[in-house]
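One structure below.
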Amino acid sequence: MDSEVKNQEQEKTEKEISKKKYGAKTIHLKKSEGTASLYEWVHSLVFAVAVVVILLTFFIRLVDVSGTSMKQTLQHEDKVIVTNFFYTPKQGDIVVISHGAEYSEPIIKRVIATEGQSLEIDFKSESVIVDGVELKEDYIQGHTHQEDGEIPKVIPEGKVFVMGDNRGVSMDSRSRKIGLIDVDDVIGKARCVVYPFTDMKFLG
């Protein structure tokens, strides 16, 4: 028994001497520079994609123009950026609308008058008068003819009156099928044309 105890004590002493002599070694694993760079790149990419998705979902939309009702301002198949963040329609704005009174497709038109404004359209002289002032519409094409819709003397609350710039072919608030537009049905304001690249421009 005494010899076993002495052997255990001797082994313990040798281990302690070895630790003091060589020291305890700790291995630290470090990420290589390549791994760290890849992680940062992926993280940045995911963040950028998330930002773009949020912007496109809540603040910005890319809309295709269909038809010729807004010529010459907008052409068929133009792609326009539309924003709706804290947006309230104003006279002269070009807007995208989800649907009309009896029309289920999205349309793009120009706001002619908003709630509370008086409106008069003289179809003989083809002049549009808002709040007693004739609009200077150098952007229009075609003749401003009468349709089957009612032209209100004053735009009701929560509504806007819209027309296309290509008045001769545009179906708009002059038509019973479109009628007055509910402000809640205005998707947003068209800000600029981004495609085709040759026609890129801001929309006033």
Side-chain angles (χ1 to χ4, degrees), residues 60-84 87-131 133-156 158-196 198-204:
I60 299 172
R61 298 191 185 193
L62 190 63
V63 174
D64 291 333
V65 176
S66 178
T68 60
S69 70
M70 285 298 293
K71 286 181 75 173
Q72 294 291 331
T73 307
L74 296 172
Q75 308 297 324
H76 177 58
E77 294 187 341
D78 276 356
K79 293 185 182 295
V80 299
I81 287 180
V82 176
T83 62
N84 61 356
Y87 172 66
T88 301
K90 296 180 178 59
Q91 182 187 344
D93 288 352
I94 297 173
V95 296
V96 175
I97 302 155
S98 61
H99 64 278
E102 302 174 16
Y103 192 77
S104 59
E105 298 295 324
I107 54 177
I108 184 165
K109 304 293 177 184
R110 188 182 296 271
V111 176
I112 301 301
T114 62
E115 64 176 33
Q117 290 188 304
S118 63
L119 174 64
E120 179 185 352
I121 302 178
D122 188 332
F123 291 104
K124 290 183 179 179
S125 64
E126 299 184 23
S127 57
V128 178
I129 302 164
V130 177
D131 289 338
V133 178
E134 183 178 349
L135 300 183
K136 294 180 180 180
E137 299 183 293
D138 53 1
Y139 44 77
I140 68 171
Q141 176 177 300
H143 297 288
T144 306
H145 55 77
Q146 190 167 11
E147 290 284 351
D148 61 355
E150 181 181 351
I151 309 298
K153 291 183 178 180
V154 177
I155 307 302
K159 303 287 186 180
V160 293
F161 188 95
V162 300
M163 286 198 284
D165 289 357
N166 191 3
R167 296 286 164 81
V169 302
S170 175
M171 182 171 62
D172 45 46
S173 290
R174 293 171 293 168
S175 168
R176 187 170 54 191
K177 196 170 184 179
I178 302 297
L180 289 169
I181 301 298
D182 195 308
V183 171
D184 292 338
D185 294 330
V186 176
I187 294 173
K189 178 181 178 179
R191 300 287 180 177
C192 58
V193 178
V194 294
Y195 187 84
T198 53
D199 294 334
M200 289 179 68
K201 62 182 176 181
F202 288 101
L203 301 170

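Counting from 1, the numbers follow the sequence of the chain as shown.
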Practice item. Show your working on side chain to side chain contact (heavy atoms under 4.5 Å, CB included) between Lys159 and Glu115 and close with a plain yes or no. Key: CA-CA 6 Å; Lys159 303 287 186 180; Glu115 64 176 33; 5.8 Å; no
Point to revise | Test: Glu126 and Arg167 ion pair at under 4.0 Å | key: no
Practice item. Before giving the answer on side chain to side chain contact (heavy atoms under 4.5 Å, CB included), spell out for Leu74 and Arg110 the whole-Å C-alpha distance, their side-chain angles and the decisive distance to 0.1 Å. Key: CA-CA 11 Å; Leu74 296 172; Arg110 188 182 296 271; over 6 Å; no
Check your understanding: Is there side-chain contact between Val183 and Thr88, with at least one heavy-atom pair below 4.5 Å?
Key -> no
Exercise for review: Salt-bridge test for Arg174 and Asp172: reply yes if a basic N is under 4.0 Å from a carboxylate O, no otherwise.
Suggested key: yes
Check your understanding: Listed by chain and number, what are the side chain to side chain donor-acceptor pair (under 3.5 Å) partners of Arg176, not counting sequence neighbours?
Key -> none
Exercise for review: May I ask you to test the Asp185-His99 pair for a side-chain heavy-atom distance under 4.5 Å?
Suggested key: yes
Check your understanding: Given Asp148 and Ser175, is the side chain to side chain contact (heavy atoms under 4.5 Å, CB included) satisfied, shown in steps?
Key -> CA-CA 5 Å; Asp148 61 355; Ser175 168; 3.8 Å; yes
Point to revise | By side chain to side chain donor-acceptor pair (under 3.5 Å) - contacts of Glu150 (at least two apart) | key: none
Revision key, fill the gap. Taking every heavy atom of Val169 against every heavy atom of Ser69, the minimum-distance pair comes out as CG2-CA, 4.3 Å
Review point. How long is the gap from CD1 on Ile155 to CD on Gln91, to the nearest 0.5 Å?
Key: 10.0 Å
Review point. Short question: side chain of His145, backbone of Phe123 - any donor-acceptor pair under 3.5 Å?
Key: no
Point to revise | Value rounded to 0.5 Å, distance of CD1 in Ile187 from CG in Asn84 | key: 8.5 Å
**Study point:** Any Val128 side-chain heavy atom under 4.5 Å of Met163 side chain
**Key:** yes
Point to revise | Minimum side-chain heavy-atom gap Lys109-Ser170 below 4.5 Å | key: yes
Check your understanding: What residues, two or more places apart in sequence or in another chain, satisfy side chain to side chain donor-acceptor pair (under 3.5 Å) together with Lys79?
Key -> Asp64
Exercise for review: Check for a donor-acceptor pair, side chain of His76 on one end and backbone N or O of Ser66 on the other, with a separation under 3.5 Å.
Suggested key: no
Check your understanding: Is the shortest heavy-atom distance from the side chain of Ile108 to the side chain of Val95 under 4.5 Å?
Key -> no
Review point. Side chains of Cys192 and Val80: does their closest heavy-atom pair fall under 4.5 Å?
Key: no
Practice item. Measure the shortest side-chain to side-chain distance between Phe161 and Ile121 over non-hydrogen atoms and say whether it is less than 4.5 angstrom. Key: yes
**Study point:** Distance (rounded to the nearest 0.5 Å) between Ser173 OG and Glu147 CD
**Key:** 11.5 Å
**Study point:** Candidate pair Ile140 and Asn166, rule side chain to side chain contact (heavy atoms under 4.5 Å, CB included), full reasoning
**Key:** CA-CA 6 Å; Ile140 68 171; Asn166 191 3; over 6 Å; no
Study note, to complete from the structure: Residue set satisfying side-chain contact (heavy atoms from CB on, under 4.5 Å) with Lys201, at least two apart, ordered chain then number -> Val193, Leu203
**Study point:** Nearest-0.5 Å distance, CD of residue Gln141 to NZ of residue Lys71
**Key:** 6.0 Å
Check your understanding: What residues form a ring-ring contact (aromatic ring centres under 6.0 Å, His included) with Tyr195, not counting sequence neighbours?
Key -> Phe197
Practice item. Just jot down the side chain to side chain donor-acceptor pair (under 3.5 Å) partners of Ser104, sequence neighbours excluded, or say none. Key: none
Practice item. Nearest 0.5 Å please: distance from the CG atom of Asp122 over to the CD atom of Gln146. Key: 10.5 Å
Revision key, fill the gap. To the nearest 0.5 Å, atom CD of Glu120 lies from atom CD of Glu134 at 10.0 Å
Check your understanding: Between Tyr103 and Ile107, what is the shortest heavy-atom contact and its length?
Key -> CE2-CG2, 3.5 Å
Check your understanding: Do Leu119 and Ile112 come within less than 4.5 Å of each other through their side chains, counting heavy atoms only?
Key -> yes
Review point. Does a side chain donor of either Lys90 or Thr114 reach within less than 3.5 Å of an acceptor in the other side chain?
Key: no
